[in-house]
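For reference, the structure is listed below as structure tokens.
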Amino acid sequence: MTRWPDRDRPAVTADAVIVGSGPGGAAVADVLTQAGWSVVIVEKGRNHLIDLADPTRLLYDFSNDEIKFFDRWFLGPDPMVEPRTFRIGPEDGERLHVGEVNSIPTTVGGGGTHADGKVPRFREEDFELLSRYGPIEGAEVADWPVGYDELEPFYAEAERAIGVAGDATANPFAAWRSGPYPMPPGAPMYGATLSTAAAEEVGLHPYAAPTAANSVPYDGRPACNNCGFCAFAGCPIHAKGDPVALLQRALLSGHAELLPETFVTRVCTENGRATGVEAMDADGTRRTIGARVVVLAAGAIETPRLMLLSGFDHPLIGRHFMVHFQTFGFGTLPHRLHAERGRAVTHVHDDAVLVDDDARRAAAAAGLPWLRGGLVEHGGPAHPIEEAKRYPWGARHPKLMRASPMRDHLWGFTMQGEDLPQRGNCVDLDPDVRDARGFPVARVTYKPHRHELAASDHHGQKLLEVLRVMGANWSGTATSPSLRTDTQWHDDRTSIVPASRHVMGTTRMGDDPATSVVDRYGAMHALPNVVVADSSVFVTSAGYGPTLTLVALAMRAAGALTG
Ligand SMILES: Cc1cc2nc3c(=O)[nH]c(=O)nc-3n(C[C@H](O)[C@H](O)[C@H](O)COP(=O)(O)OP(=O)(O)OC[C@H]3O[C@@H](n4cnc5c(N)ncnc54)[C@H](O)[C@@H]3O)c2cc1C
Ligand code: SF4
């Protein structure tokens with residue numbers, strides 16, 4: 001491989017160039033380098049993860065610091081520098097909001113650095129919703145071209161490679177698996193011991209969430225110490241394996257080079273094939289990176305943006321954007337819950353994913369043939385500075401901080417509801433707004449289907465029941481995006497933007513080039529040496545975090561490349 005050039009050497013060449021160093025890009029880099037391919041991983045964010053001169057050493061830039069991660073955009077993207085725009089539909093004009101929209105870190109390691117890493121597998125039915133349950137008017141529900149049985153070995157390999165702690169026998173609704181998790185589950189959060197007992201009492205089936213955080217020393221990295229800064233923050237001791245383990249292995253192979261602070265501006269093509277990418281480094285210099293294969297792993301919003309910036313013209317690029325429809329059930333308890341200790345979420349339940357008699361009745365009442373919610377996460381808020389922002393200033397403020405009704409007494413549930421694919425929900429290029437480098441930003445157009453609203457109504461009630469059994473003084477539900485009237489949405493612009501970081505579906509996979517952008521291995525129908533290795537390829541959203549599934553699919557796509 002030619003190394004990244006100094007200024008006098010304009011080109012780099014490699015077997016593959018990978019755009020994005022998040023879980024998807026890291027998984028491809030790992031598989032390709034183990035097969036002896038040379039790869040260049042191009043990442044627009046900064047590097048706080050691995051010493052690139054000596055990849056045996058991890059960096060220790062992360063800390064338990066709310067302001068650094070939540071307010072100063074330590075892991076990016078700073079929405080002033082790299083904004084996105086949002087609207088509910090074309091009737092809103094070009095946009096309603098400019099700033100943060102479903103942001104996932106832009107840094108070496110991508111969203112894996114920030115996530116608290118609940119990594120459940122999908123279930124068998126998640127890949128065949130159309131055949132099992134039938135169509136829903138207004139949505140484009142379809143079967144995946146790959147099924148669970150074919151993906152199972154890749155799930156198992158992904159769990160081994162990133163290190164997942166879990167109990168294979170704990171979830172009665174789990175899909176079959178060929179072996180146990182590599183590690184036992186970590187310690188439960190105190191609040192989760194209470195919420196799981198209450199959930200069981202109302203007939204639910206909570207279990208220890210499979211989590212990509214070491215419960216015991218694993219793969220040369222230490223066990224999690226339950227510092228409580230898991231979600232939205234990097235792990236100070238690298239107990240989270242996704243994707244640092246994959247990236248480190250790829251770099252240690254000697255076949256990979258990682259270029260941080262380098263933005264890929266377009267995929268270069270010639271005679272119906274990609275020849276590499278054009279990239280811009282931190283000081284604005286543009287260079288070309290030539291490669292036999294271009295892998296796009298920029299995430300389900302930036303991958304279609306890059307395709308559109310490259311002039312690709314399949315009508316479905318950016319279409320079918322999905323983001324889990326979140327339903328929150330929350331309440332205050334008379335006693336303290338200590339959610340500042342633990343991995344943000346240690347327990348979950350799957351009951352709301354099932355299409356059971358109850359769900360069918362709720363669907364019928366809403367005029368739908370079926371409905372599905374999603375994984376329900378048990379957790380509480382952990383961060384005192386975020387809490388402080390919620391109370392009024394003045395004499396009451398210190399009293400409220402000491403009593404802590406909105407943090408230490410608050411417990412809640414988040415349902416990551418299945419979001420149906422709709423053609424009108426999409427990512428395209430904003431016609432006017434540009435990022436600091438001068439490129440059109442991604443615009444998200446999104447409105448939930450009435451399926452999501454009905455599922456949220458139905459399952460939200462169950463969450464309140466659990467809170468009542470827990471002994472909550474008061475409880476309530478809310479959703480993201482908000483379910484207010486259009487007028488109120490316009491008044492409160494942040495709540496109209498879905499908060500979920502689970503983004504999917506914008507370059508759907510399938511066998512028919514007319515109804516899908518990429519094939520069953522992620523290769524573009526129109527440009528077979530461009531391979532998508534992130535959740536853009538998802539056909540439906542399931543009700544589970546996308547990361548393990550996208551890593552398994554990325555490994556499978558890379559395996560197809562190396563044969
Ligand atoms: C707080 C939080 C909690 C989460 N919790 C969970 C969870 O519990 N379970 C779960 O499954 N998922 C979770 N997620 C989502 C998870 O982070 C994503 O699913 C995952 O990171 C997606 O991986 P990816 O590789 O597809 O994309 P990303 O992680 O988004 O990585 C893409 C990378 O590409 C880079 N990039 C983009 N465009 C370009 C370009 N043009 N040139 C160069 N580089 C580019 C970006 O900077 C980024 O680093 C969470 C996310 C957050 C933020
Ligand atoms: S809770 Fe554990 S895995 Fe999460 S950041 Fe802290 S030490 Fe790391």
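As the structure lists them, so they are numbered: ligands from 1, and atoms in each ligand from 1.
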**OP:** Please determine which of Leu58, Asp30, Leu49 meets the side-chain contact (heavy atoms from CB on, under 4.5 Å) test together with Gln248.
**Re:** Leu58
Original post:
At what distance is the nearest protein heavy atom to atom 53 (C) of ligand 1, and which residue and atom is it?
Top reply: Arg501 CG, 3.2 Å
Original post:
If you draw a 6.0 Å radius around CZ in Arg390, do more than 12 non-hydrogen atoms from other residues or ligands fall strictly inside?
Top reply: no
Original post:
Cationic tip of Arg177 within the cone over Tyr181's six-membered ring, i.e. under 6.0 Å and within 45° of the normal?
Top reply: yes
Original post:
Which heavy atom of the protein is the closest neighbour of atom 30 (O) of ligand 1, given with residue, atom name and distance?
Top reply: Ile104 CG2, 3.4 Å
Original post:
Which residue holds the protein heavy atom closest to atom 4 (Fe) of ligand 2, what is that atom called, and what is the gap in Å?
Top reply: Cys230 SG, 2.3 Å
Original post:
Is the gap between the ring centers of Phe70 and His383 under 6.0 Å?
Top reply: yes
**OP:** Could you pull out, from Gly22, Ala231, Ala554, Gly76, the option with a heavy atom nearest to atom 31 (O) of ligand 1?
**Re:** Gly22
**OP:** Using a 4.5 Å cut-off on heavy atoms from C-beta on, say whether the side chain of Glu386 contacts that of Phe232.
**Re:** no
Original post:
Taking side chain as C-beta onward, heavy atoms only, is Ile50 less than 4.5 Å from Leu247?
Top reply: yes
Original post:
Is any N or O atom of Lys118, backbone or side chain, closer than 3.5 Å to an N or O atom of ligand 1?
Top reply: yes
Subject >> Carboxylate-amine/guanidinium proximity below 4.0 Å for Glu66 and Lys389 >> reply: no
**OP:** Tell me which protein heavy atom sits closest to atom 46 (C) of ligand 1, plus the residue, atom name and distance to 0.1 Å.
**Re:** Glu43 OE2, 3.5 Å
Subject >> Which segment of Val264 sits under 4.0 Å of ligand 1 when only heavy atoms are counted >> reply: both
Original post:
Do Leu75 and Phe69 have side-chain heavy atoms sitting under 4.5 Å apart?
Top reply: yes
Original post:
Is ligand 1 under 4.0 Å from a heavy atom in the side chain of His502, in the backbone, in both, or in neither?
Top reply: side chain
Original post:
Looking at CZ of Arg287 and CG of Leu259, how far apart are the two atoms once the value is rounded to the nearest 0.5 Å?
Top reply: 9.5 Å
Subject >> Donor-acceptor contact present, side-chain Ser310 to main-chain Phe312, <3.5 Å >> reply: no
**OP:** Using a strict 4.0 Å cut-off to heavy atoms of Val19, name the atoms of ligand 1 that fall inside it.
**Re:** 40 (C), 42 (N), 43 (C)
Subject >> Gly186 touching ligand 2 at heavy-atom level, < 4.0 angstrom >> reply: no
Subject >> For Glu302, the ligand 1 atoms whose distance to one of its heavy atoms is below 4.0 Å >> reply: 37 (C), 38 (N)
Original post:
What protein heavy atom is closest to atom 5 (S) of ligand 2, reported as residue, atom name and distance in Å?
Top reply: Phe229 O, 3.5 Å
**OP:** With side-chain hydrogen bond (donor to acceptor under 3.5 Å, both in side chains) as the test, would you mind laying out the steps for Tyr155 and Thr549 before giving the verdict?
**Re:** CA-CA 7 Å; Tyr155 271 132; Thr549 301; 2.7 Å; yes
**OP:** Kindly compute the distance separating SG (Cys230) from NZ (Lys118), expressed to the nearest 0.5 Å.
**Re:** 8.5 Å
Subject >> Side-chain heavy atoms of Val433 within contact of Pro83, under 4.5 Å >> reply: yes
Subject >> Atoms in ligand 1 with a heavy atom of Pro105 nearer than 4.0 Å >> reply: 48 (C), 49 (O), 53 (C)
Original post:
What residue and atom, counting heavy atoms only, is the protein's closest point to atom 7 (S) of ligand 2, and at what distance?
Top reply: Asn225 OD1, 3.3 Å
Original post:
So do the side chains of Cys426 and Arg319 get within less than 4.5 Å of each other, counting heavy atoms only?
Top reply: yes
Original post:
So which protein heavy atom does atom 22 (C) of ligand 1 come closest to, and at what separation?
Top reply: Leu550 CD2, 3.7 Å
**OP:** Considering heavy atoms of the protein only, find what lies nearest to atom 27 (O) of ligand 1 and give residue, atom and distance to 0.1 Å.
**Re:** Gly299 CA, 3.8 Å
**OP:** Report the part of Ala297 in contact with ligand 1, treating N, CA, C, O as backbone and CB onward as side chain, heavy atoms under 4.0 Å; options are side chain, backbone, both, neither.
**Re:** backbone
Original post:
With backbone taken as N, CA, C and O and side chain as the heavy atoms from C-beta onward, which portion of Thr303 lies under 4.0 Å from ligand 1: side chain, backbone, both, or neither?
Top reply: neither
**OP:** Give the residue and atom name of whichever protein heavy atom lies nearest to atom 34 (O) of ligand 1, and the separation in Å to one decimal.
**Re:** Gly20 CA, 3.2 Å
Subject >> Within 45° cone of Phe263 ring axis and under 6.0 Å: Lys44 NZ or CZ >> reply: no
**OP:** Indicate yes or no: does an N/O atom of Asp534 lie under 3.5 Å from an N/O atom of ligand 1?
**Re:** no
Original post:
Is there an N/O/S atom in Cys224 that lies less than 2.8 Å from atom 2 (Fe) of ligand 2?
Top reply: yes
Original post:
Hey, which atoms in ligand 1 end up nearer than 4.0 Å to a heavy atom of Phe232?
Top reply: 1 (C)
**OP:** Mark up the atoms of ligand 1 that fall under 4.0 Å of a heavy atom belonging to Val42, in ascending order.
**Re:** 43 (C), 44 (N)
Original post:
Going by the order shown, which atoms of ligand 1 are within less than 4.0 Å of some heavy atom of Gly112?
Top reply: 21 (O)
Original post:
In the protein, what heavy atom is nearest to atom 8 (Fe) of ligand 2, and what distance, to one decimal place, separates them?
Top reply: Cys235 SG, 2.3 Å
Original post:
Is there at least one pair of N or O atoms, one from Gly24 and one from ligand 1, spaced under 3.5 Å apart?
Top reply: yes
**OP:** Before signing off on this row, confirm whether Leu306 and ligand 1 have an N or O atom pair separated by under 3.5 Å.
**Re:** no
**OP:** Examine Thr107 against ligand 1 and note whether any of their N/O atoms are separated by less than 3.5 Å.
**Re:** yes
**OP:** Measure from the ring center of Tyr60 to the ring center of His238 and say whether it is less than 6.0 Å.
**Re:** yes
Original post:
Ignoring hydrogens and geometry, is there a side-chain-to-backbone donor-acceptor pair from Ser535 to Val503 under 3.5 Å?
Top reply: yes
**OP:** Starting from the C-alpha separation in whole Å, work towards a yes-or-no answer on ring-ring contact (aromatic ring centres under 6.0 Å, His included) for His502 and His324.
**Re:** CA-CA 6 Å; His502 300 167; His324 282 146; 5.1 Å; yes
Subject >> Nearest-contact summary for atom 16 (C) of ligand 1 - protein heavy atom, Å >> reply: Thr547 OG1, 3.4 Å
Original post:
Would you say Thr106 has any N or O atom under 3.5 Å from an N or O of ligand 1, going by distance alone?
Top reply: yes
Original post:
Quick one: does Lys44 get an N or O within less than 3.5 Å of an N or O on ligand 1?
Top reply: yes
**OP:** Give yes or no for whether the N/O distance cutoff of 3.5 Å, strictly under, is met between Gly111 and ligand 1.
**Re:** yes
Subject >> ligand 2 contact on Cys227 by region, counting heavy-atom pairs under 4.0 Å >> reply: both
**OP:** Could you tell me the residue and atom name of the protein heavy atom closest to atom 3 (C) of ligand 1, and the distance to it rounded to 0.1 Å?
**Re:** Ala115 CA, 3.4 Å
